[in-house]
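Below is one structure, written out as structure tokens; the observations come after it.
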Number of protein chains: 2
Amino acid sequence: MTETLEHLIARHATTLDAAIDAIETRKNWSPFRDSPSSKFHAPGKPGAGKAAFETLLGKPFDLQQPGTIGQLGSEVSPFTRQPLGITYPQGDPATLIEAAQAAMPAWRKTASKARIALCLEMAERIYDRNFEMAHSVMHVAGQSYTQAFSGSGPNALDRGIEALAYAAKAMRDVSPSARWERTFGKEDVVLDKQYTLVPRGIGLVICCASFPTWNAYPAMFASLATGNPVIVKPHPIAILPMAIAVQECRRVLADFGCDPNLVTLAVDTLEHPVAQEFIDHPAVQIVDFTGSPRYGSHLERTLTGKLLFTETAGINSVVLESCEDLAETAKAIARATCLFSAQMCTSPQNIYVPRKGFTTATGPVSFDDVAQALVAAVDEIAEHPAMAAGIMGAVQAEPSCDIVRRLEKEAEGHRTAKVLRRPTPYEHPDFPDARTMTPLIVALPADNAALYAEEHFGPVMFIIAAESGDDAVEEATQLVREHGAISSYLYSTDEAFIARSLDAYTVSGMNLSINLHGAMWANFAAAYSDYHVTGLNPAGNACLADLAFVAGRFRIVQSRRPATREEVADAA
Amino acid sequence: MTETLEHLIARHATTLDAAIDAIETRKNWSPFRDSPSSKFHAPGKPGAGKAAFETLLGKPFDLQQPGTIGQLGSEVSPFTRQPLGITYPQGDPATLIEAAQAAMPAWRKTASKARIALCLEMAERIYDRNFEMAHSVMHVAGQSYTQAFSGSGPNALDRGIEALAYAAKAMRDVSPSARWERTFGKEDVVLDKQYTLVPRGIGLVICCASFPTWNAYPAMFASLATGNPVIVKPHPIAILPMAIAVQECRRVLADFGCDPNLVTLAVDTLEHPVAQEFIDHPAVQIVDFTGSPRYGSHLERTLTGKLLFTETAGINSVVLESCEDLAETAKAIARATCLFSAQMCTSPQNIYVPRKGFTTATGPVSFDDVAQALVAAVDEIAEHPAMAAGIMGAVQAEPSCDIVRRLEKEAEGHRTAKVLRRPTPYEHPDFPDARTMTPLIVALPADNAALYAEEHFGPVMFIIAAESGDDAVEEATQLVREHGAISSYLYSTDEAFIARSLDAYTVSGMNLSINLHGAMWANFAAAYSDYHVTGLNPAGNACLADLAFVAGRFRIVQSRRPATREEVADAA
């Protein structure tokens with residue numbers, strides 16, 4: 001590789017400028033294509049990507065990182081239920097930390113522009129492997145091929161570039177130097193000052209199982225851009241996507257003469273988790289966590305003296321107060337719940353509907369009409385295997401199926417709850433052994449909160465009969481203050497109701513989508529435009545992305561000294 | 001008051017613009033005059049300010065805030081050693097919190113521009129009372145009149161306006177709305193998005209005793225500007241300055257129709273501290289702490305789930321490797337240590353000098369020559385009562401004198417330590433009873449670290465014989481990593497030494513002043529230009545001021561909905 005850092009900076013300059021423009025205008029933009037369609041990619045790409053994935057199977061993954069004390073890996077495809085057979089180097093935590101520390105001084109002195117350009121290059125190279133990545137995400141997380149391609153590919157890389165753009169802005173905001181002049185008494189004091197950006201320390205990036213890349217890239221790029229090495233700790237059941245990403249980051253660093261140990265992979269097992277060992281180490285100064293509310297809130301309650309960014313989960317709700325076209329609205333809600341079998345942090349679980357129904361453009365509908373429309377909309381997907389495969393994908397892990405089956409039994413035991421739809425599997429057209437489960441749908445009155453007042457990680461939809469739209473908003477926002485939420489949805493034809501509800505959602509820190517239907521998924525979050533997680537409720541403290549996500553990852557150290565007479569004369 | 005918020009915003013617009021320009025260019029700027037000289041102030045001002053202060057003495061302070069359950073106050077002037085006799089309303093914590101919470105919804109909806117303008121008005125009104133403030137600070141903290149006027153007046157307000165400027169920048173960075181358009185399949189999706197800034201919660205501002213206003217204004221203004229109410233908890237021995245500030249803030253709020261309970265005062269006693277009760281309350285979401293390393297590090301170790309900004313203290317050092325003019329350099333160091341009897345967070349305590357001396361422009365000097373020059377420079381101040389009064393002021397509290405007397409005894413007991421100067425009092429020309437103490441100076445070798453390897457809060461200077469300049473820098477930076485430091489000082493004529501030292505200071509997170517002497521105090525920190533505290537060592541995690549100081553005080557909540565056909569047509 002003979003490209004210089006200067007050339008790299010120049011090559012990525014327009015992308016960075018466009019990203020900064022996008023986060024400021026919040027307009028639609030991406031340097032990538034998030035569709036696998038052959039219209040957008042060279043003819044050999046899809047096949048080569050699949051082949052590259054298959055080449056990885058059944059052997060040790062080559063990372064060439066230091067401190068390897070063994071090989072780990074027991075990923076099982078939710079589509080084939082077969083082990084992937086890939087093992088990853090198990091790094092000795094102390095050695096990985098030492099290697100990161102050793103890489104830090106030179107990285108600190110690398111110009112922030114160069115660090116940003118290197119991250120953009122990493123994003124581009126990871127995108128170049130996106131067909132391979134799509135198969136990798138599919139077979140560890142269970143996402144459908146198209147979703148793995150888009151949501152875990154470009155959409156995730158976009159969140160990373162978004163964080164880079166914020167990091168660039170925050171660092172640009174600090175003048176590198178200044179001439180300061182003031183008269184004290186009769187003396188003119190002229191000082192030259194230098195302001196140096198100093199990274200905080202190693203950033204640990206803990207990834208979740210179901211969407212391994214989406215929060216990882218912003219955390220990695222935000223830390224790297226601001227001068228911090230990163231250690232990536234993937235979830236033990238979904239290592240491969242981040243192993244590919246780490247491999248590509250290390251290659252980019254090496255290609256440009258930087259220390260590849262600025263990015264390493266720390267794998268572990270469910271039985272012997274390793275995260276806390278890194279977290280407790282004084283050299284680790286930044287922790288980005290995505291995963292379970294249990295461990296996330298443990299970190300939120302215990303971690304002090306370090307920067308902590310979390311995204312966990314919450315209870316996402318829909319309040320369907322009224323709508324013009326019931327079928328269309330039911331379809332939007334059903335699609336949002338069905339997408340990736342409700343294993344997304346934006347999947348709606350609780351659907352509030354006024355118990356007396358409401359009036360649509362074509363006449364009044366009862367609560368039962370609404371419930372039936374939702375069941376029909378889910379059936380429409382579930383009963384067409386090709387569609388189900390594209391939307392629902394597979395269920396990543398058996399416990400999610402167990403949860404839903406337990407809820408089905410519980411609901412059957414409740415006098416007031418009614419199982420409207422059983423969580424049957426669908427038959428995947430390509431993978432007959434795929435772990436699939438279509439949503440359980442339960443209708444129940446609002447006084448049955450024990451069933452729905454927590455997040456159930458699996459395909460389940462509760463249709464809750466609320467006294468009114470206002471009551472529904474009150475309960476939904478109350479649940480969010482207690483349990484958190486990432487995405488909330490409101491459907492109403494009543495502008496006054498929308499206006500007063502909006503305020504309740506806002507103070508509860510709930511991002512709200514209003515009356516969304518049609519071709520865009522209601523739970524699609526667009527990087528550069530949609531803020532993800534408010535930090536105001538228990539679903540996490542980190543927003544993807546804002547200035548607060550980046551501003552503390554570096555600090556400013558200054559020096560000052562009198563300007564020499566020659567310097568002052570030159571300036572005059 | 002008939003001025004509208006619109007008019008207020010317009011009236012302060014140029015100040016805000018200039019402040020933003022100043023923090024970006026880091027140039028010298030202030031809307032205030034920091035000298036009490038009659039050249040800058042109306043003739044009646046100084047006398048009226050003194051009279052206003054005297055009017056406050058011996059009676060209850062009028063704050064008209066809710067929840068008063070008693071009166072507290074036992075401040076004693078370090079200059080007269082007489083009680084001020086002022087009592088302050090003791091607020092019931094629950095009531096103060098409720099009042100702040102009640103004020104929050106309207107404040108959240110007040111435009112950020114208006115909130116910023118109101119804070120600028122508060123600063124202007126507090127400045128208008130600056131002669132009264134100067135006497136108040138003198139008689140609680142012990143600062144000299146001129147220092148109280150400047151350092152606790154305009155210099156502190158400048159830090160507040162600096163924080164406001166950052167808050168303005170961080171909030172402006174968030175677009176209030178956006179039109180987002182993307183084609184999904186064959187459908188053009190057009191969404192209108194709203195991004196709402198939501199404050200985090202009540203900000204508790206804990207002030208220190210010796211410099212009550214300096215860190216308080218930035219914390220107050222940063223929280224208020226971003227929509228959070230503040231409760232100010234002054235140190236029990238130095239309440240008056242913040243009572244005046246809170247009174248003025250409340251008046252400004254009331255004058256413009258805002259709830260004065262956005263700013264309240266929470267007083268307590270040394271025997272029954274109340275801070276923790278506020279800190280533990282879930283409505284308190286931001287804590288700004290200035291004070292002892294002991295309580296500060298307790299907060300740093302225990303507080304989770306809330307924003308915490310700390311400034312505590314550390315061991316500030318001078319490395320005098322070499323200089324051209326010994327007398328001039330000694331004078332600069334002596335003045336920095338003498339200023340406010342070393343009760344500043346920027347006061348240098350440890351002066352490292354190569355044990356073999358160095359060469360000046362007029363020839364070689366030995367370690368003893370340097371030590372004697374430092375003693376002579378301190379004597380020059382201490383032996384001239386008018387100068388001593390202006391520079392050293394008084395010692396705020398007896399424990400500081402006890403510490404120094406204990407160190408004197410300890411030093412006498414050490415075989416290798418040598419007391420070069422005893423901590424005698426000087427006679428204050430205006431206040432014969434003033435608690436004064438001139439610096440103890442002890443010379444000792446570097447192996448006597450037990451004496452100087454911690455911060456001693458009182459007038460003491462250790463002159464440490466180092467093996468070399470490099471050894472001195474190594475030890476000084478090592479102490480900082482362990483104990484923290486806020487300001488470090490380096491004197492050298494060797495550019496290569498300066499360059500390699502600078503790197504060591506930078507990675508240790510030490511702000512460094514190089515070769516400063518002359519009319520400006522070496523430990524003068526200029527708002528808008530000098531970053532104060534790096535956050536990289538144990539002296540605190542908060543920088544005055546940077547984006548990280550403000551960016552997390554508010555969060556962003558978004559909503560989105562399809563644009564109506566009419567809206568889309570209008571835009572086209």
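Values below: all heavy atoms of this structure, side chains included; hydrogens, waters and symmetry mates excluded. Just so it is clear: chains get the letters A, B, ... in the order the sequence lines come, proteins before strands, and each one is counted from 1.
- Looking at Asp530(B) and Arg26(B), no side-chain N of the basic residue comes within less than 4.0 Å of a carboxylate O on the acidic one, giving no salt bridge.
- In terms of heavy-atom pairs under 4.5 angstrom with chain B, the leader among Gln285(A), Lys193(A), Arg555(A) is Arg555(A).
- Of the listed residues (Ile23(B), Thr310(B), Val174(B)), the greatest number of heavy-atom pairs within a distance under 4.5 Å of chain A belongs to Val174(B).
- At a threshold of 4.0 Å, the pair Asp325(A)-Lys331(A) does not count as salt-bridged, since none of the basic side-chain nitrogens sits closer than that to a carboxylate oxygen.
- No side-chain heavy atom of Tyr505(A) sits less than 4.5 Å from a side-chain heavy atom of Ser559(B).
- Contacts between Val550(A) and chain B at a heavy-atom distance below 4.5 Å are absent for every atom of the residue.
- Using a cutoff of 4.0 Å between basic side-chain nitrogens and carboxylate oxygens, Glu24(B) and Lys169(B) are scored as salt-bridged.
- Within the 4.5 angstrom heavy-atom criterion, only side-chain atoms of Ile498(B), from C-beta onward, approach chain A.
- Residue contact with chain B, scored on non-hydrogen atoms closer than 4.5 Å, involves the side chain of Arg108(A) exclusively.
- Looking only at heavy-atom pairs under 4.5 Å with chain A, the residue among Ala170(B), Ser297(B), Ala551(B) that has the most is Ala551(B).
- Put simply, of Thr183(B), Leu308(B), Leu536(B), the one with the most heavy-atom pairs under 4.5 Å next to chain A is Leu536(B).
- Electrostatic pairing of Glu328(A) and Arg335(A) does not count as a salt bridge here, judged by no charged N lying under 4.0 Å from a carboxylate O.
- With a 4.5 angstrom heavy-atom cutoff, Glu300(A) touches chain B only via backbone atoms.
- The closest side-chain heavy-atom distance from Asn228(A) to Trp107(A) is not below 4.5 Å.
- Contact of Met104(A) with chain B is not made at all, since no heavy-atom distance falls under 4.5 Å.
- Looking only at distances, a side-chain donor or acceptor of Asn511(B) sits under 3.5 Å from a matching main-chain atom of Gln558(A).
- Between the side chains of Asp546(B) and Tyr531(B), no donor-acceptor pair of N or O atoms lies under 3.5 Å.
- No other option in Leu512(A), Thr302(A), Asp188(A), Asn515(A) has as many heavy-atom pairs under 4.5 Å with chain B as Leu512(A).
- Relative to the ring axis of Phe184(B), Arg182(B) places its NZ or CZ within 45° and under 6.0 Å from the centre.
- The aromatic ring centroids of Phe549(A) and Tyr166(A) lie 6.0 Å or more from each other.
- Heavy-atom distances place no part of Ala22(A) under 4.5 Å from chain B, backbone and side chain included.
- If you tally non-hydrogen atom pairs under 4.5 Å between each of Phe524(B), Trp29(B), Phe554(B) and chain A, the highest count goes to Phe524(B).
- Under a cutoff of 6.0 Å and an axis angle of 45°, Arg560(A) and Tyr195(A) do not form a cation-pi pair.
- Options Val189(B), Thr506(B), Val198(B) differ in how many heavy-atom pairs under 4.5 Å they form with chain A, and the most are formed by Thr506(B).
- Neither the backbone nor the side chain of Lys186(B) has a heavy atom closer than 4.5 Å to any heavy atom of chain A.
- Using the six-membered ring where Trp is involved, His517(A) and Tyr491(A) have ring planes that are parallel, under 30° apart on the 30 and 60° scheme.
- Listed options Ser35(B), Gly509(B), Cys543(B), Ser529(B) were ranked by heavy-atom pairs under 4.5 angstrom with chain A; first place goes to Ser529(B).
- Proximity to chain B (any heavy atom under 4.5 Å) is restricted, for Leu191(A), to the side chain, taken from C-beta onward.
- No other option in Leu299(A), Val507(A), Thr196(A) has as many heavy-atom pairs under 4.5 Å with chain B as Val507(A).
- With chain B as partner, the option from Pro105(A), Gly535(A), Gly305(A), Gly552(A) having the largest number of non-hydrogen pairs under 4.5 angstrom is Gly535(A).
- Looking at Val190(B) and Arg179(B), their side chains come closer than 4.5 Å, going by heavy atoms from C-beta outward.
- Using a 4.5 Å cut-off on side-chain heavy atoms (C-beta onward), Ile556(B) and Leu197(B) make contact.
- Contacts between Asp34(A) and chain B at a heavy-atom distance below 4.5 Å involve the side chain alone, from C-beta outward.
- Contact tally against chain B (heavy-atom pairs below 4.5 Å) for Met520(A), Glu187(A), Arg553(A), Gln194(A): the top residue is Met520(A).
- Residue contact with chain B, scored on non-hydrogen atoms closer than 4.5 Å, involves the backbone of Pro199(A) exclusively.
- Options Leu490(A), Leu516(A), Asp173(A) differ in how many heavy-atom pairs under 4.5 Å they form with chain B, and the most are formed by Asp173(A).
- Heavy atoms closer than 4.5 Å to chain B are found in both the backbone and the side chain of Leu547(A).
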